[in-house]
J.: 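Handing you this structure, nothing more for now.
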Amino acid sequence: STHAINIYAGVNGLEVGQSIVIGASALLLNIVQLHRTPQEHTEYREQHLQSLVLLIPFLAVSLALLRLNWYPSRVFVGDTYCYFAGMTFAAVCIVGHFSKTMVLFMVPQFLNFLYSVPQLFKKCGIPNPRHRM
């Protein structure tokens, strides 16, 4: 998931923005699961609470960073934020036991990768622009 976040690198605010959208979707999923799960299922509810404990600070930091990373950017996030975001999403989906749902949240990144494959291989003769999409 770290490389899925990093594939959009180079456009101001895009790495952080997509991380906020994915994180907010995971936050909403956890809240819905907590709301619909009966109180008797304490272990399942605790897993989603632990996932929320990881997501809420991540979203707060990402929202603050987005303000500085938006055009005209004053802060460039680079690989460090992409690794942080990707590993946070991996930890959140492992703790919350919703790895299949996280794969669905990453579909736009996978589609961008498939779109970029011909440009990534230089043998095809397709020029590789800085921003593929």
Side-chain angles (χ1 to χ4, degrees):
S1 62
T2 58
H3 297 298
I5 301 295
N6 200 15
I7 199 163
Y8 285 120
V11 181
N12 290 344
L14 196 54
E15 299 113 317
V16 182
Q18 72 173 342
S19 298
I20 289 172
V21 169
I22 294 169
S25 301
L27 179 79
L28 183 66
L29 172 74
N30 281 313
I31 291 171
V32 167
Q33 292 292 12
L34 282 172
H35 180 67
R36 66 181 282 273
T37 305
Q39 294 289 340
E40 298 84 43
H41 300 280
T42 57
E43 184 178 344
Y44 184 73
R45 290 177 64 83
E46 188 172 313
Q47 292 167 351
H48 283 284
L49 281 172
Q50 289 174 348
S51 180
L52 282 174
V53 166
L54 293 173
L55 269 176
I56 292 171
F58 170 76
L59 284 172
V61 167
S62 295
L63 285 168
L65 180 61
L66 182 64
R67 185 168 184 261
L68 296 173
N69 189 241
W70 200 257
Y71 181 81
S73 182
R74 288 175 276 166
V75 172
F76 297 103
V77 292
D79 289 342
T80 305
Y81 178 79
C82 295
Y83 293 144
F84 169 62
M87 295 312 293
T88 301
F89 292 143
V92 162
C93 76
I94 290 169
V95 168
H97 294 283
F98 56 91
S99 56
K100 293 175 190 147
T101 307
M102 189 59 76
V103 169
L104 291 175
F105 291 157
M106 295 285 181
V107 165
Q109 285 78 11
F110 297 137
L111 292 176
N112 184 40
F113 170 74
L114 292 175
Y115 177 75
S116 302
V117 164
Q119 298 171 355
L120 295 175
F121 298 109
K122 295 181 182 180
K123 293 181 182 179
C124 297
I126 300 172
N128 189 4
R130 173 129 171 86
H131 305 295
R132 291 180 285 279
M133 191 168 195

J.: Which residues pass the side chain to side chain contact (heavy atoms under 4.5 Å, CB included) test with Q47, not counting sequence neighbours?
T.: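 Side chain to side chain contact (heavy atoms under 4.5 Å, CB included) list for Q47, sorted by chain: E43, Y44, H97.
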
J.: Please round to the nearest 0.5 Å and tell me the distance separating atom CG of L59 and atom CD1 of I22.
T.: 11.0 Å

J.: Just grab all the side chain to side chain donor-acceptor pair (under 3.5 Å) pairs involving residues 17-30, residues at least two apart or on different chains.
T.: Q18-Q109, N30-H48, N30-S51

J.: Holding to side chain to side chain contact (heavy atoms under 4.5 Å, CB included), I want the full list of residues that pass it with L29, two or more places apart in sequence or in another chain.
T.: Q33, F98, T101

J.: Taking side chain to side chain donor-acceptor pair (under 3.5 Å) as the test, write out the residues that go with S62, two or more places apart.
T.: Y81

J.: Should I56 and I94 be regarded as members of a common hydrophobic cluster, given that ILVMFWY residues are connected when their side-chain heavy atoms come within less than 4.5 Å of each other, either directly or indirectly?
T.: no

J.: State which residues pass side chain to side chain contact (heavy atoms under 4.5 Å, CB included) with E46; sequence neighbours excluded, sorted by chain then number.
T.: Q50

J.: Quick check for you: to the nearest 0.5 Å, what is the distance between L49 atom CG and I31 atom CD1?
T.: 10.5 Å

J.: Give every residue pair that meets the ring-ring contact (aromatic ring centres under 6.0 Å, His included) criterion with at least one member in residues 53-77, sequence neighbours excluded.
T.: F58-F84, F58-F89

J.: Between V107 and L111, is any pair of side-chain heavy atoms under 4.5 Å apart?
T.: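 Heavy-atom side-chain distance check passes, below 4.5 Å.
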
J.: Any pair with a residue in residues 82-96 that passes side chain to side chain donor-acceptor pair (under 3.5 Å), sequence neighbours left out, goes on the list, sorted by first then second residue, please.
T.: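 Checked against side chain to side chain donor-acceptor pair (under 3.5 Å) - neighbours excluded - no pair reaches residues 82-96.
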
J.: Under 4.5 Å between side-chain heavy atoms, hopping through other hydrophobics if needed: is there a path connecting V21 to V77?
T.: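 No, because V21 and V77 fall into different hydrophobic clusters, even though each may have its own neighbours under 4.5 Å.
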
J.: For R45, give me all partners under side chain to side chain contact (heavy atoms under 4.5 Å, CB included), at least two apart in sequence or on another chain.
T.: L34, T37, Q39

J.: Out of the candidates L52, V32, V92, only one should pair with L27 under the side chain to side chain contact (heavy atoms under 4.5 Å, CB included) rule; please name it.
T.: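 Filter result, single survivor: L52.
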
J.: Could you work out, with ring pair (Phe, Tyr, Trp, His ring centres under 6.0 Å) as the rule, every residue matching F110, not counting sequence neighbours?
T.: none

J.: Do you reckon V53 sits in the same ILVMFWY cluster as L55, going by side-chain contacts under 4.5 Å, direct or chained?
T.: no

J.: Just jot down the side chain to side chain donor-acceptor pair (under 3.5 Å) partners of R74, sequence neighbours excluded, or say none.
T.: none

J.: Which residues pass the side chain to side chain donor-acceptor pair (under 3.5 Å) test with S99, not counting sequence neighbours?
T.: none

J.: Would L68 and L66 show up in the same hydrophobic cluster when neighbours are defined by side-chain heavy atoms closer than 4.5 Å?
T.: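 Same hydrophobic cluster.
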
